[in-house]
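Presented below is the structure to which this report refers.
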Amino acid sequence: MSDPILIHVEHPRLDAAVAPGFKDEVTTRVEQGERRVLLDLTAVQFMDSTGLGVLVSLLKRMGGDGRIAVVGAGPAVLKLLQLTRLDTLFAICGSEDEARDVLRG
Amino acid sequence: MSFAADPQISVPATLLAVRDLSDFLRDRCLAAGIDEGAAMELDLALVEAANNIVQHGLEGAGDKIGLSLELTDEIATLVLTDGGPPASADLFTADAAAPDPLAESGRGMMIIQKCVDSVDYDSEGGVNRLTLTKRLLSA
């Protein structure tokens, strides 16, 4: 299996103000047929439901067997993922190595 | 609520300006020594509520959103005001169900209701007023 696409998200606030542009960015990075994405959210200090919606749309774009692993999620991002219970939809990992293992599994 | 009669901060009704409301809230919470977890939930509720007001009422209308904040040892009260079209009576107060996990939108109200203890909405005299109240464990 090929390596997952690694996307470093550089928006300190992944909110409704930047979500449309961010969606365009990630959509162009994920070619049709890609099934594994590793998202590095280390730079993201805040995310709202609109930013979260972009991650869901990315997962849907990859089809039924697509997987997204997240690394670098800070407290505010984790809080949002837990409140919405989407911490079960994405693999929340403590390191890039762990995320790659999860995506290979 | 008298403290909210005049907003403490007023910003253009744009998604970008919602960040100024968030910054205002975080600065006030920090100064008051509010627990970080509670501040985080207040911030999230505020942003979701303000986004909702902008996207469903005011965007492009050239109007403003006002915010007043009162922090005591036990309670945080946020009052958002705007002059847009009134929302339906139960938009903010009816129990918001969790959407399908693969839904790309529709989580805002659920998040607000999980982050604060009460949500009240009224519209009178051309002013919509959304009041979010959260009990604080410690100040």
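Lettering of chains follows the sequences in order, A, B, ..., and the numbering in each one begins at 1.
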Open item on the list: Heavy-atom pairs under 4.5 Å with chain B - which of A/Leu80, A/Leu55, A/Val54, A/Thr50 has more of them than the others?
Closed with: A/Leu80
TODO: Flag the pair B/Arg107 / A/Val56 as yes when at least one side-chain heavy-atom distance between them is below 4.5 Å, and no otherwise.
DONE: yes
TODO: Against chain A, label B/Glu36 side chain, backbone, both or neither, depending on which of its atoms sit under 4.5 Å from a heavy atom there.
DONE: neither
- [ ] Might you point out which heavy atoms bring A/Arg13 and B/Val47 nearest each other, and give the distance in Å?
- [x] NH2-CG2, 3.7 Å
Task: Closest non-hydrogen atom pair, A/Leu86 against B/Pro101 - done: CD2-O, 3.7 Å
Open item on the list: Can you give me the closest heavy-atom contact between B/Arg19 and A/Val18, atom names plus distance?
Closed with: NH2-CG1, 3.2 Å
Open item on the list: Out of B/Gly37, B/Gly106, B/Ser22, return the one with the most heavy atom pairs under 4.5 angstrom to chain A.
Closed with: B/Ser22
- [ ] Mind running side-chain contact (heavy atoms from CB on, under 4.5 Å) on A/Asp15 and B/Asn51 for me, showing each step along the way?
- [x] CA-CA 9 Å; A/Asp15 59 12; B/Asn51 283 349; 5.5 Å; no
Open item on the list: Just verifying a value: how many Å separate A/Thr84 OG1 and B/Ile111 CD1, rounded to the nearest 0.5 Å?
Closed with: 6.0 Å
TODO: Quick one: closest heavy-atom pair of A/Ala76 and B/Met40, and the distance?
DONE: CA-SD, 3.5 Å
Task: Top of A/Ser49, A/Gly53, A/Ala16 for chain B proximity - count of heavy-atom pairs under 4.5 angstrom - done: A/Ser49
Task: Side-chain donor or acceptor of A/Lys60 paired with backbone N/O of B/Leu102 under 3.5 Å - done: yes
Task: Joint hydrophobic cluster, A/Val9 plus A/Leu52, side-chain heavy atoms closer than 4.5 Å - done: yes
Task: Atom group of B/Ala103 that falls short of 4.5 Å from chain A, counting heavy atoms - done: backbone
Task: In one Ile/Leu/Val/Met/Phe/Trp/Tyr side-chain cluster, 4.5 Å: B/Ile9, B/Leu132 - done: yes
Task: Proximity breakdown for A/Leu59 and chain B, heavy-atom pairs closer than 4.5 Å - done: side chain
Open item on the list: Please tell me whether A/Ile68 and A/Val102 are part of a single hydrophobic cluster in this structure, the criterion being side-chain heavy atoms less than 4.5 Å apart.
Closed with: no
TODO: Heavy-atom distances under 4.5 Å only: say whether A/Leu89 touches chain B with side chain, backbone, both or neither.
DONE: side chain
Task: SB check A/Lys23 B/Glu104 (cutoff 4.0 Å) - done: yes
Open item on the list: Grouping I, L, V, M, F, W and Y whenever their side-chain heavy atoms are under 4.5 Å apart, do A/Val26 and A/Leu14 come out in a common cluster?
Closed with: yes
TODO: Might you point out which heavy atoms bring B/Glu48 and A/Asp48 nearest each other, and give the distance in Å?
DONE: OE2-CB, 3.4 Å
